[in-house]
Every structure is written in C-alpha cells, then in structure tokens.
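Here is the structure we will look at, set down as structure tokens.
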Amino acid sequence: MSKNILVSVAWPYASGSRHLGHIGGAYLPADIFARYHRIIGNKVIMVSGSDAHGTPITVRADAEGVKPIDIVNKYHAEFLRYWEKLNISWDNYTTTMTETHIEVVHDIFNTLLEKGYIEKQKSIQAYDPSENRFLPDRYVEGICPYCEYKEARGDQCDNCSKTLDPEELINPVSKISGNKAEFKETEHFFLKLSSLQKELGDYLDSREGWRPHVINWAKSFVNEGLIDRAITRDLDWGITIPVDELGPGKKIYVWFEAVIGYLSASKEWSKLNDNEDSWKDWWLNKDAESYYFVGKDNIPFHAVIWPCILLGYGALNLPTNVPANQYILIKGEKASSSRGVGKTLEEYLDEWNPDALRYALASSLPEQSDTEISEDEMIRRNNEELVATWGNLVQRVSTLINKNIDDLQSLSEATSEDQELISQFEKAYESVGKLIEKVELKSALQESMRFVSTVNAYLNNTEPWKVLKSDKERASRILYSALTAIDSCANLLYPFMPTTSLKVRNSIPRDSNFEWSVNKIKTGVKLEEIGLLFKKFD
RNA sequence: GGCGGCGUAGCUCAGUUGGUAAGAGCGCACGACUCAUAAUCGUGAGGUCGGCAGUUCGAGUCUGCCCGCCGCUACCA
C-alpha cells in the first residue's frame with residue numbers, strides 16, 4: 001500500500017543568493033524526507049521553482065540597471081548549481097514564468113472570481129510621481145503624528161512603535177526618490193479571506209502532529225480575524241490579470257501566484273512525463289499526503305493563505321502538514337550572506353563534500369527553535385562525528401577484511417552477540433523511519449548515528465583483529481556481521497547522505513536488495529575497495 | 001502597545017496529556033584497546049530546568065506577574 005506524497009518546498013526568490021540558513025530551513029529537510037519516502041516505496045513528487053516576480057527583483061534590477069528577467073535568469077542558474085552540488089532530488093524544479101504556471105494561476109483566479117472569493121475594492125495608496133509608481137507602506141517616510149519622530153515609516157513608527165497608515169504621516173516622502181509622496185485612488189482585486197475564515201479554522205482544528213509554533217501561529221491569525229488582502233499590484237513585472245477590468249499597469253501580486261506554483265509545478269511534471277493527468281494522484285486523491293517545507297517567515301502563506309485559496313477553489317487537497325523550520329543563526333545573527341556574515345553558499349559548496357555539508361546542517365536543523373551554528377561547529381561535526389564514527393568504521397572494517405580475508409567464504413556459526421547486532425538494525429529501520437515520517441529529522445539522524453556507534457562497540461567487544469590470529473572462521477563471521485551492519489547503516493543514512501551511502505552500498509555484494517531493511521550479504525565474494533568516505537578538515 | 005516563539009548541563013539542543021533520583025551529542029576527566037582517517041569503546045564529574053509567587057499529594061511541564069532574546073502586527077514575502 002504505497003502512498004502518494006507531495007513534497008512542496010518554498011519557492012526561492014530569484015532576487016539574490018541563498019545562504020546556509022535557506023538550505024537547512026527548507027531544501028535539505030525536504031530532500032531527506034522525499035528520499036526516505038521514495039526508498040520505502042511511496043510515490044513522491046518533490047516540486048518547487050524560482051520565484052521570478054515581486055518587488056525585490058524589480059528593485060534589484062533598477063539598482064543594477066538591467067531588466068528583471070536578467071536578474072531572474074542569473075539567480076535561477078545559480079540556484080540550479082546549488083541543487084546539483086547538494087544533490088537535491090527534485091522531480092520538477094521550475095520557475096513562475098512558465099506557460100503552465102500562468103494558465104493555472106489564471107484558472108484559479110477566474111474560479112475564485114466566479115465563486116465570489118475575489119472582488120474589486122478601491123483604496124487610497126501612496127504614490128511617487130517622479131518614479132511613476134505606487135509605494136508600499138514601508139517605502140513612505142514622514143513625521144510621526146503621535147511622537148513627532150522624523151523618520152517614521154508608513155506602517156509603523158520606530159520611535160513610539162505605534163502602527164500607522166501612510167496618510168497619517170506629516171510631510172510624507174517617498175523612500176525611493178526622496179520626493180514628496182502623493183495619495184491616489186487605486187483599484188485592486190482582493191482575496192476575501194474573511195469569508196473563508198470559518199472553513200480555515202475547522203481545517204486547522206483538524207490538524208494533528210503539527211509543530212506547536214506553526215499551528216499556534218496559524219490559529220492566532222484566524223483568531224484575530226482574517227482581513228481581505230489585495231492580490232493585484234500596480235506593477236509591470238508579473239503575471240497578467242486574466243480579466244481586463246482594472247486598466248493597464250497592474251499585475252497579479254506575487255504572494256498569490258507563488259504558492260499556486262506547487263500545483264502548476266505538479267501539472268508541469270505530469271506533462272513532462274507524458275501523462276497529463278498524473279498530477280491528480282497527488283492533488284485529488286484523498287489518501288495522498290502533502291508536506292510543505294518552508295521557513296517560519298512563510299507560515300502565514302502556507303498555513304493560512306494557501307489553504308484559503310484551496311478551500312475557495314475546491315476539490316484540491318490541503319496541506320497535510322507544514323513542518324516549518326525556524327532560523328539557522330550563524331554567530332548569533334540570522335544567516336545572511338548579504339550582510340557579509342559568514343561565507344557564501346557557493347564557497348561552502350566548493351569547500352565541502354556535499355554529504356558532509358548535508359550532515360553538518362541536518363544535525364542542527366532548527367525544527368523547534370532558532371539554532372545557532374558556526375563554521376567551527378560544522379567542522380567539528382565533520383571531523384569528530386562523521387569522519388571518526390562513520391567514515392572510520394567503514395575504513396576499519398574494509399581494511400580488516402581486505403588485508404586478512406580473501407572472500408568471506410568460511411564462516412563460523414553466528415553467536416548470540418552477532419545475532420543481537422543484526423536484530424538491533426531491524427529495529428533501527430523502524431525507529432528511524434518513524435522519526436522521519438514525523439519530520440523529526442534531526443532526531444532521526446542522531447538515532448542513526450547511535451546505531452553506527454553500536455557497530456564500533458561490537459568490534460571493540462569482539463576484537464576481530466585478535467581473533468584473526470587464532471580462529472579465522474570466527475573472525476570472518478565477526479567481520480561478516482559488521483559488514484551486514486555497515487550495509488544497514490548506509491541505508492539508514494542514505495536520505496541524509498545519499499552519495500557516500502550509495503558508495504558504501506555499491507561496494508558491498510548482497511544477496512538481497514532491500515533499501516529499508518537488513519540485507520543478506522553475499523559470501524565468497526571479494527569486497528570492493530571503498531576508499532575514504534570523508535576527509536578531515538585541518 | 002498587541003500577538004506568537006524562546007530562555008534546560010561549558011557548547012548545540014531533546015524533554016508526549018504534570019508523576020519513579022532531569023536527558024542526548026560534543027567538550028572535559030579517568031580507564032580499556034591498538035584493526036582503523038591519532039580514529040574506537042567504557043566509566044565518570046557537571047544543571048536550585050531565566051526570576052518571583054500560586055494551583056497540586058506532586059511542576060522543567062499548568063496559572064499570574066517580572067526580566068531577557070527573537071519574530072509578526074496584514075503593500076517584504
């Protein structure tokens with residue numbers, strides 16, 4: 001009874017480089033989760049893509065004197081390099097510029113409009129006449145009407161921390177040009193979140209196993225009362241509005257269309273695989289599950305707004321879980337290469353074995369709370385946990401076998417000690433699997449490493465290097481048992497470290513080929529040279 | 001201001017619905033081993049669980065207040 005599992009991953013904004021925090025926050029955990037489910041036989045599609053629209057991209061394009069599309073292409077290409085180097089196993093990694101995406105966005109827009117979940121509303125908006133553009137609240141500055149602070153923003157005064165409307169500011173100016181801001185009426189389409197509040201509340205109440213910070217946050221949004229939100233903007237760069245009622249210069253607002261990308265990327269995947277309807281197995285089949293891997297800043301969009309869009313549209317599956325991560329902090333600051341904190345992601349990717357980097361990040365995933373890491377800590381984990389415990393185990397056993405035993409042919413009977421080692425691993429698959437299914441990936445990795453240690457302990461207790469001198473058959477049995485255990489360790493660690501795990505597995509000849517249970521290792525065959533899995537940092 | 005999260009051993013973090021003497025990994029100390037990338041294994045020392053008060057037979061776990069850090073507060077996504 002294999003399940004269909006949709007692994008949806010936050011769409012990275014093609015407006016700048018990503019950093020380690022992004023990788024640990026969403027892409028790596030999603031990949032671990034997806035790889036595990038594929039291995040145990042579930043049908044997984046993992047989708048995402050580069051988010052091509054939105055203000056940061058146009059701002060950056062303006063600053064660099066290029067077109068938005070140039071910025072998008074540059075960073076999309078950079079993101080593709082990340083995924084390749086890190087072995088992120090997408091089924092479809094696309095962009096929000098594809099025809100399929102635009103079609104799907106238009107379909108959802110039109111359907112919500114027909115059903116009355118989208119309607120036009122007029123509002124007064126700050127406007128910069130010299131730049132010929134409307135201004136977000138935060139891009140308007142002026143004097144606070146309450147405390148007379150001179151640099152109050154249109155949304156809030158930093159001095160007295162009162163929430164403001166831009167129109168309240170005295171002498172409002174555009175933060176972009178420094179010129180006086182005007183106020184003009186503008187008309188936009190709004191998503192009527194308020195009329196979906198009850199259904200969303202029921203949906204959230206029915207969720208089980210969500211992380212406390214995610215469900216609490218989502219519910220607090222509902223409890224405060226959902227406010228209708230504009231889904232179009234005064235912009236040239238973006239997806240066109242399917243109905244021509246607002247006049248020129250307006251586009252669909254990025255937050256509305258980006259989340260729809262999960263559906264359009266799934267549909268695109270179907271087309272690419274010559275089965276246009278296969279996406280339905282993940283979106284319409286009620287037994288299918290969907291997991292959305294995002295950072296905590298994305299919780300409102302994935303636990304509130306996207307479910308509302310889906311509820312309004314109807315029929316499509318809502319998120320099974322949104323295992324949002326908190327932030328990875330480097331040296332006490334939110335990981336940010338733009339602020340010059342730490343190395344760029346590309347530098348890490350050049351310097352690190354991808355599996356070692358995956359390990360260092362996976363063992364510090366911010367699943368419950370913000371987690372601090374430093375490069376020293378990552379190096380320490382590589383040297384003292386990965387190299388010493390796992391890499392060295394593989395090395396010591398393969399060396400013992402290759403130097404002393406030709407082909408693991410004549411084995412003595414297994415003792416209770418040997419059997420106990422193997423039966424431990426039968427349980428390991430179960431306990432590690434359960435943790436991954438609950439998206440407790442950090443614990444799952446720690447648990448896996450604990451089993452790696454038991455093999456080292458087994459060797460210390462059985463001392464095959466001594467037994468070799470007197471009883472070669474017994475020594476062969478010990479090493480055969482250890483090799484069986486190592487093969488299982490490689491399976492357990494595969495979702496976390498796919499490349500090195502495959503390297504180990506492919507070197508060990510097997511009689512069976514289970515990916516998620518103990519395998520029988522062939523006797524009478526020579527073990528292939530595995531080589532060092534990881535290198536120590538000096 | 002309001003809302004949410006966090007504050008647990010030197011460090012990074014776990015601690016289901018309150019219940020046997022508070023956990024893990026790393027670091028540290030001591031011991032064992034020497035096959036292995038000076039790697040491994042075992043034992044141990046470290047905490048009045050941010051503070052104060054309360055509920056309870058019993059609270060890290062619930063309530064109130066306080067202190068500190070972070071985030072959100074709806075046109076950044």
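Everything numeric here is computed off the predicted structure, so don't read it as measured data. Below, chain A is the first sequence line, B the second, and so on; all start at residue 1.
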Point to revise | Contact letters for nucleotides 30-35 of chain B, in which S counts primed atoms plus P, OP1 and OP2 and B counts the base, heavy atoms under 4.0 Å | key: ---SSB
Review point. Has the side chain of A:N392 got a donor or acceptor atom sitting under 3.5 Å from an opposite partner on the base of B:A39?
Key: no
Check your understanding: Between B:U40, B:C75, B:C13, which nucleotide has the shortest distance from any of its atoms to the side chain of A:N456?
Key -> B:U40
Check your understanding: From the list B:U37, B:C75, B:C76, which nucleotide is the closest neighbour of the side chain of A:V387?
Key -> B:U37
Check your understanding: Between atom NE2 of A:H188 and atom CG of A:D234, what is the distance when rounded to the nearest 0.5 Å?
Key -> 3.5 Å
Check your understanding: With a 3.5 Å cut-off and just heavy-atom distances, do the side chain of A:E377 and the base of B:C26 make a donor-acceptor pair?
Key -> no
Study note, to complete from the structure: Testing B:A77, B:A14, B:U37 for proximity to the side chain of A:Q368, the answer is B:A14
Check your understanding: Which residue, A:I227 or A:W217, contacts RNA chain B at a nucleotide closer to its 5' end, judged by nearest heavy atom?
Key -> A:W217
Exercise for review: Without swapping roles, check the side chain of A:Q197 against the backbone of A:V222 for a donor-acceptor pair under 3.5 Å.
Suggested key: yes
Check your understanding: Considering only side-chain heavy atoms of A:N298, which listed nucleotide, B:C26, B:A77, B:C13, is closest?
Key -> B:A77
**Study point:** Nearest-nucleotide pick for A:A388, side chain only, options being B:A74, B:A39, B:A77
**Key:** B:A39
Practice item. Just label B:G46 as syn or anti from its O4'-C1'-N9-C4 or O4'-C1'-N1-C2 angle, using within 90° of 0 for syn. Key: syn
Check your understanding: If you look at every heavy atom in A:T95 and A:H101, which pair is closest and at what distance?
Key -> O-CB, 4.4 Å
